[in-house]
Visitor: 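My structure is below; once you've seen it, I'll send some questions.
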Amino acid sequence: MDFPPDFRWGSSTSSYQIEGGAQEGGRGESIWDHFCAEPGRIRDGTSGAVACDHYHRWPQDLDLARDLGTNAYRFSIAWPRIFAQGGTGAPLRNGLDFYSRLVDGMLERGLEPWATLYHWDLPQALQAHGGWAQRATMDAFTHYTDAVTRHLGDRIKHWITHNEPWCTAFHGNYEGVHAPGLKDFKTALQVCHHVLVSHGMATAAIRANVPQARVGAALSLHPLKSASNSAQDLAATRRHDGLRNRWFLDPLHGRGYPQDVWDLLGAQAPTVAADDMALMATPTDFLGVNYYFPEIVADAPGQGPMQTRVVDCDQVERTGFGWEVSPQGMVDLLQRVHADYQPRAIYLTENGSSYDDVRTPDGRIEDHQRMHYLQRHLRAVHQALQVGVPIQGYFAWSLLDNFEWAEGYLRRFGLVYVDFATQQRQLKMSGQWYQSFLKEETPC
Ligand code: IFM
């Protein structure tokens, strides 16, 4: 199975999920440190304070990424390591130096660095002043972006402004299951708006500092199916798509917010300033797509902001996390995004699965299901490429088992198993398979 010769093959991680070292180098508190300390927020009562201790063990982790045979590595920068309070003063030298060493480590190992600027660890000091619901946070984010790109832009050419703005806004501020744990739809929409505008502001800052930068955002997108062919369910699916997918895709591609959703929001709609829509539409070089699962949608009067519900269908295959496994959904989604929006390039910036891994008596991790998941999704990428979708790379989520947000350490997504008691790493069978696939020894 042929993939383009310059295709990026990678794995993906994020700062709060792997770094640990929460007290080191002058790092400030993030909203996730704060959230995890509140009883009942995290299913197993843990936090990312130590996580994979990547802060100290990064050379070993980058060795693992290199040994997989990947040529790129996606990671994120912890904003509170660079600005402990998130303000507009001088950046923390220790934080910049940490990422500088990390990036040098990637380059020494033949891994192209792909940096995400915001993967959810907002400085708590900013949240104390309203966080992303305040426009000042957009300025602070631009200031942080400016400092980081001045320092690392000589070596990092690929920049992702935000990871999954949907989660930032709605998991964090409407459902209350992620930090900061609010449950207010209007706030969530305002947060979402500021995140999307700040994407444009940051893009300009990156371009100013980084010659030949390639910039994009990573969106969590879902292919949707209607629960039935009834007019009600079909209309509900369209509304659900409006908030889940088009609310992000449309403004980033210069179309403004989808009018049908805007009309439904009424007084909940965000406040939009004069230049906001133009900023959100700042041209990018690629779209990052994080694909996990499709959703089946039914009409549900009175339920949720779009009067829709996601139907649980027991006929489908699911991961250990309960997420539907649908490689065809990935093909459908990629084709749809290409047809409707024509981004210059698409990267699968995340895709992966969580299962309960167990060691065999002789100590191996035989994660057949994850391996099979990976194989089928790589075939789906290939299928989408063959019908003309401009996919230029695939980043498996995740290199390592890590802190899975509200689920704590109960969900393992890694190609590498982490024993959190000893911090021992061990390549799983899925990781071995990816390795042999990348060496072109095994087809997918
Ligand atoms: O672990 C997360 C990641 O931080 C963002 N995308 C989805 C992953 C799995 O839930």
Side-chain angles (χ1 to χ4, degrees), residues 10-20 30-33 35-36 41-44 46-48 51-52 54 61 73-79 114-122 160-172 175 177-179 192 195 216-223 244-245 248 287-295 310 318-326 329-330 333 347-357 367 369-370 373-374 377 394-418 420 430:
S11 62
S12 209
T13 61
S14 89
S15 46
Y16 191 72
Q17 293 181 273
I18 65 166
E19 282 179 4
S30 79
I31 54 173
W32 273 92
D33 300 302
F35 187 70
C36 292
R41 292 297 201 180
I42 310 299
R43 214 145 73 81
D44 60 1
T46 60
S47 76
C52 306
H54 175 77
D61 294 338
Y73 174 67
R74 176 175 175 234
F75 67 110
S76 80
I77 295 170
W79 186 349
W114 282 61
T116 304
L117 286 158
Y118 188 74
H119 199 127
W120 309 350
D121 36 6
L122 182 73
I160 293 170
T161 53
H162 280 275
N163 184 68
E164 300 180 351
W166 191 93
C167 297
T168 303
F170 297 109
H171 276 338
E175 296 167 355
V177 295
H178 278 190
C192 191
V195 165
L219 302 182
S220 48
L221 299 174
H222 300 263
R244 202 74 160 121
N245 297 318
F248 302 87
L287 176 69
V289 174
N290 293 1
Y291 172 70
Y292 289 94
F293 55 87
E295 285 178 343
V310 173
R318 293 185 185 278
T319 66
F321 206 156
W323 294 355
E324 181 178 341
V325 177
S326 176
M330 178 191 254
L333 173 71
Y347 290 86
L348 267 312
T349 35
E350 285 184 27
N351 172 240
S353 57
S354 148
Y355 293 99
D356 296 334
D357 298 313
D367 57 335
Q369 290 167 300
R370 187 178 292 99
Y373 178 102
L374 182 57
H377 284 80
Y394 175 92
F395 292 80
W397 184 269
S398 175
L399 175 65
L400 304 168
D401 290 336
N402 58 47
F403 176 75
E404 177 55 25
W405 308 112
E407 299 285 312
Y409 296 94
L410 300 175
R411 306 290 178 193
R412 293 179 177 272
F413 277 89
L415 299 172
V416 173
Y417 184 87
V418 178
F420 292 103
S430 57

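We number each residue from 1, following the sequence as shown. Order of appearance sets the numbers: ligands from 1, and atoms from 1 within every ligand. Just so we're clear, the structure is a prediction, and the values are computed from it rather than from any experiment.
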Visitor: Does ligand 1 have a heavy atom under 4.0 Å from the side chain of Arg411, from its backbone, from both, or from neither?
Guide: neither

Visitor: Below 3.5 Å, N or O to N or O, backbone or side chain included: is there any such pair between Trp405 and ligand 1?
Guide: yes

Visitor: Would you say that Trp166 contacts Arg244 through its side chain, given a criterion of any heavy-atom pair below 4.5 Å between the two side chains?
Guide: yes

Visitor: Counting only nitrogen or oxygen atoms and a 3.5 angstrom limit, does Gln17 reach ligand 1?
Guide: yes

Visitor: Going by atom types alone, do Ser15 and Asp121 pair a side-chain donor with an acceptor below 3.5 Å?
Guide: yes

Visitor: Could you tell me which atoms of ligand 1, counted from 1 in the order shown, lie closer than 4.0 angstrom to a heavy atom of Asn163?
Guide: 5 (C)

Visitor: Examine the proximity of ligand 1 to Tyr16 and report which part, side chain or backbone, both or neither, has a heavy atom under 4.0 Å away.
Guide: neither

Visitor: Just wondering, do Pro223 and Tyr291 contact through their side chains at under 4.5 Å, heavy atoms?
Guide: yes

Visitor: Which of these, Phe293, Tyr355, Trp397, sits in a ring-ring contact (aromatic ring centres under 6.0 Å, His included) with Trp323?
Guide: Phe293

Visitor: Nearest protein heavy atom to atom 1 (O) of ligand 1, by residue and atom, and its distance?
Guide: Glu404 OE1, 2.6 Å

Visitor: Considering only non-hydrogen protein atoms, determine which one is nearest to atom 7 (C) of ligand 1 and report residue, atom name and distance to 0.1 Å.
Guide: Glu350 OE1, 3.3 Å

Visitor: Restricting to non-hydrogen atoms, name the atom on Tyr409 and the atom on Ser47 that form the minimum distance, rounded to 0.1 Å.
Guide: OH-O, 2.7 Å

Visitor: Report, in ascending order of atom number, the atoms of ligand 1 lying under 4.0 Å from any heavy atom of His119.
Guide: 3 (C), 4 (O), 5 (C)

Visitor: Are any of the heavy atoms in Trp323 under 4.0 Å away from ligand 1?
Guide: yes

Visitor: What protein heavy atom is closest to atom 8 (C) of ligand 1, reported as residue, atom name and distance in Å?
Guide: Tyr292 OH, 3.5 Å

Visitor: Would you say Tyr73 and Thr13 are linked by a side-chain donor-acceptor pair, where the criterion is simply a distance under 3.5 Å?
Guide: yes

Visitor: Would you say Ser354 and Tyr373 make side-chain contact, with heavy atoms under 4.5 Å?
Guide: no

